[in-house]
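Scroll down for the structure; my scribbles are underneath it.
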4 protein chains.
Amino acid sequence: MHTRNGPGRPRSERCRQDILDAVDDLLVEVGYAAMTMKGIAERAGVGRQTVYRWWSTKAEVLLEACVEDFAEELTVEAHPDPAQDLLGYLCALTTFLIGDPPGIAYRALLGEAQHDAAVRELLRDDPLTSSAAAVLRRTGSPADSLAVAQFVGPVLSQVLVGPAPLDPEALRRHVDLLLTAWRA
Amino acid sequence: MHTRNGPGRPRSERCRQDILDAVDDLLVEVGYAAMTMKGIAERAGVGRQTVYRWWSTKAEVLLEACVEDFAEELTVEAHPDPAQDLLGYLCALTTFLIGDPPGIAYRALLGEAQHDAAVRELLRDDPLTSSAAAVLRRTGSPADSLAVAQFVGPVLSQVLVGPAPLDPEALRRHVDLLLTAWRA
Amino acid sequence: MHTRNGPGRPRSERCRQDILDAVDDLLVEVGYAAMTMKGIAERAGVGRQTVYRWWSTKAEVLLEACVEDFAEELTVEAHPDPAQDLLGYLCALTTFLIGDPPGIAYRALLGEAQHDAAVRELLRDDPLTSSAAAVLRRTGSPADSLAVAQFVGPVLSQVLVGPAPLDPEALRRHVDLLLTAWRA
Amino acid sequence: MHTRNGPGRPRSERCRQDILDAVDDLLVEVGYAAMTMKGIAERAGVGRQTVYRWWSTKAEVLLEACVEDFAEELTVEAHPDPAQDLLGYLCALTTFLIGDPPGIAYRALLGEAQHDAAVRELLRDDPLTSSAAAVLRRTGSPADSLAVAQFVGPVLSQVLVGPAPLDPEALRRHVDLLLTAWRA
DNA sequence: CCATAACCGAGACGGTACGTCGGGTCTTATC
DNA sequence: GATAAGACCCGACGTACCGTCTCGGTTATGG
């Protein structure tokens with residue numbers, strides 16, 4: 001949707017997509033840390049400058065490469081029972097963060113954001129927060145920032161910090177606690 | 001307590017400390033991202049190899065430089081009222097993660113851990129988790145991994161992900177919810 | 001005459017020349033032994049990799065920096081009298097090897113060649129041998145490899161090994177001996 | 001023959017010899033260029049400081065390790081026929097410089113001497129020059145520095161500079177020329 | 001016979017150059 | 001004017017060797 005009208009060759013959407021595909025591939029092949037702008041360009045069969053024309057950092061291009069996957073992976077179909085609905089979401093979230101390439105990308109970006117203000121800015125409209133809020137709303141639970149934090153925070157922090165994520169049984173007890181408290 | 005008994009000149013504890021001090025300084029002066037092994041060595045007035053002799057990565061030396069501060073900063077004196085006790089801890093935790101140099105270091109390390117298994121291993125015995133568990137125990141609350149996650153997870157995740165940490169009022173409501181649920 | 005036709009930015013002849021100039025300067029300022037690839041790059045105001053792109057060793061770049069001077073310095077105008085012609089050449093050769101920067105470079109390269117096969121290969125088409133052969137030919141003397149060795153060998157060896165080079169009187173006697181023997 | 005009489009442990013002649021042996025070994029195993037003071041010490045099973053106590057540079061210790069071999073290898077038994085005597089010496093000299101480890105060491109030292117004044121000083125009393133002078137004297141030929149240079153210079157320069165040393169036939173013609181000229 | 005002092009091995013120390021790699025910019029020819 | 005290619009400057013990487021120093025331990029002499 002580049003609205004340039006001036007002279008000259010327009011930017012190649014094909015290039016853009018090649019680069020994003022290359023990032024996807026490299027993420028699973030070499031991981032985030034070993035991924036370089038140079039490597040992305042070569043993998044995509046693209047000049048280095050072309051990458052910089054669209055995005056200025058590794059984090060930006062990675063975000064764009066994965067952002068669609070974020071929404072898709074975190075979209076869980078509703079369940080009539082609120083408890084099951086919330087539990088389903090948290091299970092999907094755990095799987096996403098632990099195993100999926102886009103989840104790994106998300107964690108890597110979250111990591112960069114801790115010592116890079118620019119990356120932090122990119123994550124301002126966090127896909128995780130908004131998807132969790134949606135689930136809370138459709139189950140009639142509170143969905144303010146505290147509620148969202150109480151809902152996903154324990155899961156997220158355990159994945160980021162702990163040696164192992166919360167297991168399904170723990171997730172069930174977590175949901176129970178929240179639902180009980182919110183209904184009171 | 002380095003138990004070298006072999007021959008040769010012993011390693012200089014003085015050098016070790018100079019390096020750790022340099023890391024402390026550089027953390028506040030240039031930040032984690034701009035800190036390099038080269039820079040550390042030069043700042044400490046030490047040969048580069050001497051740094052590598054003690055630690056092999058930036059993360060390792062940073063961890064050791066800050067690990068004492070972690071424990072110190074996260075130690076909050078007990079309050080007779082459990083609610084006040086827990087709240088005090090969470091406030092201190094928030095301050096620590098947002099503002100203190102060691103807290104910034106902790107976040108940076110947490111970030112690295114997301115795409116570096118070696119760093120993750122370093123953080124296996126997480127200072128945050130253990131200090132939080134201690135506070136929970138002394139207030140008579142449950143202190144298993146789920147409870148700890150429920151306690152600090154929302155705070156932590158909001159700091160790591162969100163645009164702003166939970167404010168004191170939200171923290172108070174969070175503590176109330178947990179205490180109510182746990183007492184039931 | 002680099003016959004690149006491929007794509008990409010062409011190598012900068014300007015850089016090449018800056019580097020060669022820097023080598024020339026450093027040779028007289030700090031000498032061969034203290035000359036480093038790092039120092040050359042910095043002196044030339046050039047990235048280190050740019051030096052390595054053109055030449056892979058200190059010896060190679062030094063050779064290229066001086067090879068033109070070699071030919072120039074060792075070119076002595078002909079003298080009608082063969083004895084004077086030969087003597088003039090040997091005097092010039094002595095001066096070249098003892099005092100001129102390019103001569104010092106030549107000796108340094110000769111030295112490296114003794115324990116570095118790659119440098120030896122660089123000196124395969126020796127400028128000294130060919131210039132001496134030319135002088136011998138124009139005076140009607142034999143110019144095979146033995147004759148060249150007999151002509152310049154004593155001068156060269158005395159410079160390389162001895163405490164002092166052959167003085168002009170000795171050079172005169174040397175030329176007389178050779179001319180007498182060759183005429184017989 | 002260190003004439004110390006004071007207290008303290010005397011220097012170990014055994015160490016000295018171990019070091020010299022190590023240098024001999026390393027010379028043939030890794031060559032001069034790859035030989036380091038560190039490597040010598042380790043090979044000799046000796047502290048680094050012990051090497052420095054006896055010699056201060058690689059060149060010094062190498063010279064001492066080989067100097068005895070120099071004299072030995074360059075000593076050729078006399079032949080009643082002067083031409084054969086001189087020829088025998090030059091053949092031995094060529095073999096020495098081309099093939100023998102001590103000969104290779106000599107060339108390496110000669111090389112260093114071209115850009116290191118200290119090494120040059122070490123070679124002031126050149127073993128090659130003096131042995132050649134001895135041979136000239138015993139055949140009744142002139143033995144001043146010019147004569148020595150005329151005798152060995154062509155051989156030496158061809159070894160140092162040329163692609164190949166003078167072959168035996170060339171050496172024979174060289175000797176003939178000199179003897180003829182000197183007898184006249 | 002023991003104190004002194006120089007030696008010994010080992011290896012850590014501050015430096016410095018190595019050759020490589022990635023970052024981000026630029027300059028070509030080509031499209 | 002966008003593109004692929006790739007050279008450019010810069011600076012950090014981790015390693016190697018330099019020559020010095022500091023250990024514990026050894027071995028002679030001299031008080």
Side-chain angles (χ1 to χ4, degrees), chain A residues 2 4 6-12 14-15 34-42 44-54 56-58, chain B residues 4-16 18 34-42 44-54 56-58, chain C residues 4-12 14-16 34-42 44-54 56-58, chain D residues 2 4-12 14-15 34-42 44-53 56-58:
Chain A
H2 41 99
R4 269 198 339 85
R9 179 176 177 176
R11 288 194 188 171
S12 161
R14 163 67 179 270
C15 283
M35 200 168 64
T36 65
M37 292 296 259
K38 190 185 184 195
I40 293 168
E42 287 174 357
V46 143
R48 205 128 51 110
Q49 190 89 22
T50 301
V51 183
Y52 282 108
R53 227 186 307 270
W54 291 87
S56 57
T57 66
K58 178 165 75 157
Chain B
R4 261 201 352 84
N5 294 323
R9 179 176 176 175
R11 291 193 186 172
S12 162
E13 189 61 31
R14 163 67 179 271
C15 283
R16 206 183 93 92
D18 284 350
M35 198 168 66
T36 65
M37 291 296 256
K38 185 175 193 266
I40 293 168
E42 287 173 357
V46 145
R48 203 126 48 110
Q49 192 141 51
T50 300
V51 182
Y52 283 107
R53 226 184 312 264
W54 290 89
S56 56
T57 64
K58 178 167 76 157
Chain C
R4 263 200 350 83
N5 294 325
R9 179 177 177 174
R11 291 194 185 171
S12 161
R14 163 66 180 271
C15 283
R16 205 183 95 93
M35 198 167 68
T36 66
M37 291 296 256
K38 184 174 193 265
I40 293 169
E42 287 174 356
V46 145
R48 203 128 45 112
Q49 192 141 52
T50 300
V51 182
Y52 284 108
R53 224 184 314 264
W54 290 89
S56 57
T57 66
K58 178 166 78 157
Chain D
H2 43 100
R4 264 198 342 86
N5 293 326
R9 179 176 178 175
R11 289 192 186 172
S12 161
R14 164 68 179 270
C15 285
M35 199 168 66
T36 66
M37 292 297 258
K38 190 185 187 200
I40 293 168
E42 287 175 357
V46 143
R48 204 124 54 106
Q49 190 94 346
T50 302
V51 182
Y52 283 108
R53 229 187 305 271
S56 56
T57 65
K58 177 166 78 157

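In this structure, Tyr52(B) atom OH and dA16(F) atom P are separated by 13 Å, rounded to whole Å. In this structure, Gln49(C) places its CD atom 14 Å from C1' of dG24(E), rounding to the nearest Å. Atom-to-atom, CZ of Arg53(D) to P of dC21(F) comes out at 13 Å; the value is rounded to the nearest Å. One atom, CH2 of Trp54(B), and another, C1' of dG11(E), lie 13 Å apart when rounded to the nearest Å. Here dT22(F) presents its P atom at 17 Å from CD of Glu13(B), a figure rounded to the nearest Å. Straight-line distance from the CD atom of Glu42(A) to the P atom of dG23(E): 10 Å, rounded to whole Å. Rounded to whole angstrom, the span from the CZ atom of Arg14(C) across to the P atom of dT27(E) amounts to 13 Å. Across the protein-nucleic acid pair, Lys38(D) atom NZ and dC21(F) atom C1' stand 16 Å apart, rounded to whole Å.
An OP1 or OP2 oxygen of dG9(E) is reached within less than 4.0 angstrom by a side-chain nitrogen or oxygen of Thr50(D). Considering only side-chain N and O atoms, Arg9(D) lies nowhere under 4.0 angstrom from the phosphate OP1 or OP2 of dA5(E). In terms of phosphate contacts, Arg11(B) brings no side-chain nitrogen or oxygen within less than 4.0 Å of OP1 or OP2 of dT22(F).
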Item to check | Pair Ile40(B)-Met35(B), side-chain contact (heavy atoms from CB on, under 4.5 Å): steps then yes or no | outcome: CA-CA 7 Å; Ile40(B) 293 168; Met35(B) 198 168 66; 4.0 Å; yes
Next on the checklist: For a side-chain contact (heavy atoms from CB on, under 4.5 Å) check, start with the C-alpha distance between Arg53(D) and Arg11(D), then their side-chain angles and the critical distance, and finish with the verdict.
Outcome noted: CA-CA 9 Å; Arg53(D) 229 187 305 271; Arg11(D) 289 192 186 172; 3.8 Å; yes
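Between Ser56(B) and Ala44(C), the residue anchored nearer the 5' end of DNA chain F, judged by the nucleotide with its closest heavy atom, is Ala44(C). Closest-nucleotide positions on DNA chain E for Thr36(C) and Ala41(D) were compared, and the one nearer the 5' end corresponds to Ala41(D). In terms of position on DNA chain F, the residue among Lys58(B) and Val46(A) whose nearest nucleotide sits closer to the 5' end is Val46(A).
Listed nucleotides dG19(F), dC8(E), dC18(E) differ in distance to Ser12(D); the shortest reach to its side chain belongs to dC8(E). Here the nucleotide nearest the side chain of Cys15(C), chosen from dG19(E), dC18(E), dC8(F), is dC8(F). Closest to the side chain of Pro10(D), from the set dG19(F), dC7(E), dA28(F), is dA28(F). When the nucleotides dC18(F), dC13(F), dT29(F) are ranked by their closest atom to the side chain of Met37(B), dC13(F) comes out on top.
Put simply, the side chain of Arg48(C) never gets that close to the backbone of Glu42(C): no donor and acceptor are under 3.5 Å apart.
Remark: the Arg48(D) side chain and the dG9(E) base include no donor-acceptor N/O pair separated by less than 3.5 Å.
Nucleic acid contact for Gly39(C): none, since no nucleic acid atom lies under 4.0 Å from a heavy atom of the residue.
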